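Just so you know, residue 1 is the first one in the sequence shown, and it goes up from there. In this text the structure is predicted, and so the values were computed from the model without any measurement.
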Amino acid sequence: MSDPFDLSKLIEATPPVRPRTRPPRHRPGEKFLKGPVPWRWIEAAARLPGQALAVGLVAWYEAGCRQCAAVPLNLSRLVVPRRTAHRGLCALERAGLVSVDRRKGRPPVVTLLPAPAGPSAGAPERTRTRNG
């Protein structure tokens, strides 16, 4: 007869560890993106060239911090070069995702706009052709 309190049998009987089912969360004091950010807006910004999506996400971050849709955006403080950020901001403006109020000597004030409706929001969608 075996010992019911045998430690080796107890270790074998432990259930396997489950992987986390929740997405990762930020730590206290760590920066995070406040949502909800409309998925159509993200899709439209992702279709734009260069760093437009990165600049747009920074605008969403600032809007979440300030709890306001219109935020000043200091382009020289972004993680991308200032001229690259400027081109990204212009692409967002042309796509109708933001409006920009520019004043000489001041950072541009960016107002987040709703994503344009329809599948062609932001940039024309590529159509597939059949090679026969």
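Tracing side-chain contacts under 4.5 Å through hydrophobic residues (I, L, V, M, F, W, Y), one reaches L48 starting from I42; they form part of the same cluster. If you chain together hydrophobic residues whose side chains sit under 4.5 Å apart, L73 and L113 never meet in one group. Side-chain heavy atoms closer than 4.5 Å link hydrophobic residues (I, L, V, M, F, W, Y) into clusters, and following such links, possibly through other members, connects V58 to V37. Hydrophobic cluster membership is shared by L33 and V110, with clusters built from Ile, Leu, Val, Met, Phe, Trp and Tyr side chains linked at under 4.5 angstrom.
No side-chain heavy atom of C65 sits under 4.5 Å from any side-chain heavy atom of W60. Residues W41 and V98 meet the side-chain proximity criterion, which asks for heavy atoms closer than 4.5 Å.
Salt bridge K34/E62: absent, no basic N to carboxylate O contact under 4.0 Å.
For the atom pair OG (S76) and CZ (R83), the distance works out to 14.0 Å, reported to the nearest 0.5 Å. Atom CG of L78 sits about 9.0 Å away from atom CG of L89, to the nearest 0.5 Å. Expressed to the nearest 0.5 Å, how far CG of N74 lies from CZ of R106 amounts to 10.0 Å. L92 contributes atom CG, which lies 8.5 Å from atom CG of L53 (distance to the nearest 0.5 angstrom). In this structure, L97 CG and R40 CZ are separated by 10.5 Å, a value rounded to the nearest 0.5 Å.
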Item to complete: Please step through salt bridge (charged side-chain N to carboxylate O under 4.0 Å, His left out) for the pair R102 and E93, ending with a clear verdict.
Response: CA-CA 12 Å; R102 292 177 177 84; E93 189 176 22; 3.1 Å; yes
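Of all heavy-atom pairs between L75 and H86, the closest is CD1-CA, 3.9 Å. Here the closest heavy-atom approach between residue P116 and residue A95 is recorded as CG-O, 3.5 Å. For the residue pair P72 and P107, the shortest heavy atom distance occurs at CB-CG, 4.3 Å.
Between H26 and F32, the ring planes are parallel. Angles under 30° get that label, and only those over 60° would be called perpendicular.
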